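Heads up, the thing below is written out as structure tokens.
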Amino acid sequence: MTDIRATAADAETPEAVLDIPANPPRRALGLHREIDRVWRNAPGWWGHVTAVNHTSLGLRFMATALVFFAIGGILAMLIRAQLATHEGAFLDTELYNQIFTMHGSIMMFLFAIPMLEGMGIYMLPKMLGTRDMAFPRLTALGYWCFLFGGLIMLTALFFGVAPRDGWFMYTPLSSAEYSPGINADVWLLGVTFVEISAIAAAVEITVTILRQRAPGMKLTEMPLFAWYMLGTVAMMLVGFPPLILASVLLEIERAFGWPFFDVARGGDPLLWQHLFWLFGHPEVYIIFLPAAGAISTIIPVMCRTTIMGYGAIVAAVVALVFLSFGLWVHHMFTVGIPHMALAFFSAASVLVAVPTAVQVFAWIGTMWKGRPQLKLPMLYILGFFLTFVMGGLTGVMLAIVPFNWQAHDTAFVTAHLHYVLIGGFVFPILAAAAYWMPQITGRVRVRGLGEAAFWTILVGFHGTFFIMHLTGLLGMRRRIDVYPENPEWVWLNLTSSIFGFVMAIGFGLFLLDLVLQARLGQRSPRNPWRAPGLDWSLRLPAPSYNFASLPGPRHLAGGDQVALSLSRGQGLLPGAPRGTRELLVTGIGDARPDHVAILPGNSHLPLRLSASIGLFVLFMLAGLYWLTLPALALVAVLIWVWGRGMAWGADLPPIEVAPGMTLPVHVHRRKTLAYTGAICLLVANGTFFATLLFGVAFLHVVAPGWPAPPMGNEDLGSASLVAGAVVALGLGTVIARLAERARLAGHAVSGPAVAGLMVNFLALGLIAYLAATAMDDPTRHARDALRGVLAGYIALHALVVSGFAAFAVDQWRRGELTPRRAGCLPVWRLWQDYSAAVALITAAVVILQGAGG
Amino acid sequence: MKRFAPLAVPLLLAGCDGPASTLAPAGPVAAEIAWLWWAMLAGAAAISLLVGVMIAMSFGPPRETSTRRWTHGWGLGFSLVVLTTLLGAGLWVGERILPRDDGAVEVRAHAFMWGWHFTQPGEGDNMVETDGTLYVPVGQPIDVIVTAEDVIHSFWVPQLAGKMDAIPGRENVMRFQVDSPGTYRGLCAEFCGLGHAGMLFDLVAYEPGDLPEALLPNEPAEEGAND
Amino acid sequence: MTWADWSTRFLALSLAGPMIWAITFSAVYGLHGIGCALAWPEVDLAFLSLHRLAMLAAWGVGLLACGLLLAWLPAGARMRVWLPRAGGWVGLGATFFTLFPVIVTTSC
Ligand code: HEM
Ligand SMILES: [Cu+2]
Ligand SMILES: [Cu+2]
């Protein structure tokens, strides 16, 4: 047995060195033509629709996010114009409320998150030395969901029915009673639609970082940016489910009257706040971490040295990832929670500044160690330091409970949050743009304009927001449109507004700079910053396939020589001789080559799938609830088609990736990229379920309207229905294993697969019967509503695993399951195990709750 | 901006006053918090300056510097010392301004869209209900019980104390005390829809012996006594 | 992804310390809420209320777990060995710092 502490079994001996011989050199141009033909997008308009390539989609994510930034910025200018004087006078309150709500929501959900996703999607494969993300079609699906969700919200704004309850949508203000009309539904459904892309991006970025690094790029030595992104996506997998859950619950309450937040029927508006901020605070770090990753990458290059304290920074990221989930209550210091609970969260909020400080000082130490050069990216980084440090300090102030009681919900908070978001995200993104633009455009910038933009933005920003701290302390609340009684705030607000327009001009200059660079810039040399790393070993602008041959252990340092030898095919898996998109899948730790994955090519399926989800959203918005069912059926069918695209009907010969090194194709591996992806998705799913259980416990213990009214039909009959469903799903886990065993032994898989289908259907039927006959009216009390949701959750899982079993039957019929090809069986087993586990836990919770009154 | 700095300082100091200013405290709770703020401001300014100097000093030729000094010394050590001190001060102030069982005057503030309904002691044990104005005696701790009719609101008198949210289904209690008689500006601090900006109230503080007219019995208008 | 690959152990061990913090923090916060709902502060045991005792016990278990983790983990400068220990320290420090209000503040 291995000692599980032994992460360095070879602690004394030098770590095993991986060496892979070079492929023979070829002509670079010929190789380029061969591989580009396979990887490039289809020509013309259609090509944009079917593109799945990470470079195209990463750019598109970022460009779309930039458009939303501009729209959010215009809304900000409207806000500032309105607040410039105390009478306001030009927007009415209804419109003003829509505008600030949309400003906040657009900036957070349609600018910041997609921007960082786009940055990760665009950069990571290039930095890690691979050709694409793990799931190219999923990248595209994420993009379309983001675009359609965003468009729905914009359309609502255009027609004057945009959300208007603030970006955190506190209920009961956002409930059906106080927000009739579709405004709130637009937010709930639109944001949830957009968050599909967040979950998709999180899953595939995790898999890409863990399993697609260049051979020999150890986990413990990968670029810091990858560590930051890994932390970010881990937080997204755990942080977004609470928001999705909260939105789903509120939408159900609004649409069908099931109470979750309504006090009169056992709900509690505080549940919304807990769920929202359980997402909302980590969100801030989700936005900050990728930006910090960019800073950790750029500073050493600008200072001509290496980063200081790699290990300490990784430890700080780990600490941030965890601690940021223990702070959410600092947004709720005034809701009447006892002082001790506030003190826990106050302490945690203060403590989270420590890992941040470790990073900031490591960066400053790096600058001491090297020789900082004041190039444009460095200017933006100085802007970041100035702004972010101040934002961090006001953040610590707000973590102090008594002060928070005064500053909460005032312009002080508005100032703080913009110092953090613009300081901690926008400035680093601008630095990153200045730094990586040559890679995107293949050109260098026109001199001078960038610097002018920087100074205008910096002066405009601080001019706008610095005095807003004072405005807030003088009592100005956030989210007010007029302040006729407080003329003493006018000079402050007027100053803020004027500088706000200065900042807007700065962003305009920045945009102009980008356009000029793309149009007029001179061709950039291959590595304009003389930076290390694989991201600068590409041809510029970055080609569709990134690397004509993949980097191996010999190439990890990057640089010109490496670039040359890779483009000549001397790396691994050169070209595309088989006409398929191929890349290397490696081990998580040492990145030893494991197998070759063949990726799907251009496809319009992502567009169709997201459009059908969009159809569902639109029917929900229109209140045509019955029509959502066919839309969901369409979604299910398309998911099936998606799965068919991953199935293989024939064995594939192993591939020689380098002289003497032959690897199998993913079809013949059990733990494929898709398998790791399924685990990541289950982590997010498990968090969703855990948060739902938190909701049950929270309402039971804390909500005023309890104990719940007696249950109508708590008898042996309904208990045995529940038990039956649990047992059926449990049987499914045995059957899924039998199916794999049968496959390996070369026996027929049809028997177990059909049996699996039957038990899962049985579970589904039992739950449906239970819901139809024995469950209390879910509109009566929160307990009954939550039970309804739990039953629905289990039923949905029974449906999913039925789908897997049916898929297995189909694969068997087509002869796709053989001893050498596992098909969907491994992933079915994962989902079956998960479904059985959550069913069991749900049953236990329901019984416990019944016993506890 | 820089050019106007000398001009801005006196303006800033004069600017701390104002009917809704947390920096012009009129009671011990707000005064403690204001004190906390000034201390934190000084600390934050010092730290910003320190970081600024460090960054400025980094420009120049490369030099030998110890990693541990940055990550452990400054990153962990320095920040933990500062933060622990601050947290201690915050918890201490927080404990001191908490409501406790000591027979404080109890008043009720009931928020609705968009206004305030108050219940406060009048003559003797008489409770008097008023709309839009809360009357409290000076020099005594007051516990205000904050409730809501419809959506979430928040009770805030910036010169006297922090906020307390008014949440449907809950009774939240907050303590404050007024030093001298007068009228203070009260606001709803939690966004509550169309009427939020205008959801103001007056807090009138009176000498205990000198009951305002609105609290006296047999008033003909809106106020009525009840038990 | 098996235990045989050092990376899985490495990731799991590195997250162990912060995970102990997360569990302890949730447990104490949960006990705080439940205690306030069930009037545990009124239940006096010798020196403490039942409420404070329950929270202190949970806190102590968390601190102990982090301490044991640190004692058990080997030390070394290489990242694979260093990061798990750093994680242990993060766990210990965070558990101590975020929950020490258990001893100093008013409970409900
Ligand atoms: C372009 C310059 C920007 C300006 C001038 C600006 C201005 C403002 C103002 C004046 C408010 C407060 C409205 C009020 O409640 O009284 C506000 C709110 C907000 N801003 Fe910005 N903002 C800018 C950029 C950003 C960015 C880049 C982000 C995020 C990445 C952001 C996120 C938010 C959020 C979340 C709110 C809160 C909205 C709410 O209360 O529901 N803003 N902004
Ligand atoms: Cu927060
Ligand atoms: Cu309000």
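So you know, we letter chains A, B, ... as the sequences are listed, proteins then strands, and number each from 1. In this text the structure is predicted, and so the values were computed from the model without any measurement.
- Contacts of A:P372 with chain B are made by both backbone and side-chain atoms, with heavy-atom separations under 4.5 Å.
- With a threshold of 4.5 angstrom between heavy atoms, A:V358 approaches chain B through its backbone and through its side chain.
- Taking the six-membered ring for Trp and thresholds of 30 and 60 degrees, A:F403 and B:W37 have nearly parallel ring planes, at less than 30 degrees apart.
- The residue among A:A264, A:A357, A:S174, A:A399 with the most heavy atom pairs within less than 4.5 Å of chain B is A:A357.
- Of the inter-residue distances, the one linking B:F59 atom CZ with A:Q373 atom CD reads 10.0 Å to the nearest 0.5 angstrom.
- In this structure, no portion of A:I313 lies under 4.5 Å from any heavy atom of chain B.
- Neither the backbone nor the side chain of A:V401 comes within less than 4.5 Å of any heavy atom of chain B.
- For a heavy-atom cut-off of 4.5 Å, chain A lies close to B:I97, B:L98, B:M113 in residues 97-117 of chain B.
- Of the two parts of A:D92, neither the backbone nor the side chain holds a non-hydrogen atom closer than 4.5 Å to a non-hydrogen atom of chain B.
- Contacts from residues 162-170 of chain B to chain A, taken as heavy-atom pairs separated by less than 4.5 Å, involve B:G162, B:K163, B:M164, B:D165, B:I167, B:P168, B:G169, B:R170 in sequence order.
- Atom CG of residue A:L393 and atom CG of residue B:L86 lie 10.0 Å apart, to the nearest 0.5 angstrom.
- Distance alone, capped at 3.5 Å, is enough to place a donor-acceptor pair between the A:R477 side chain and the B:H196 backbone.
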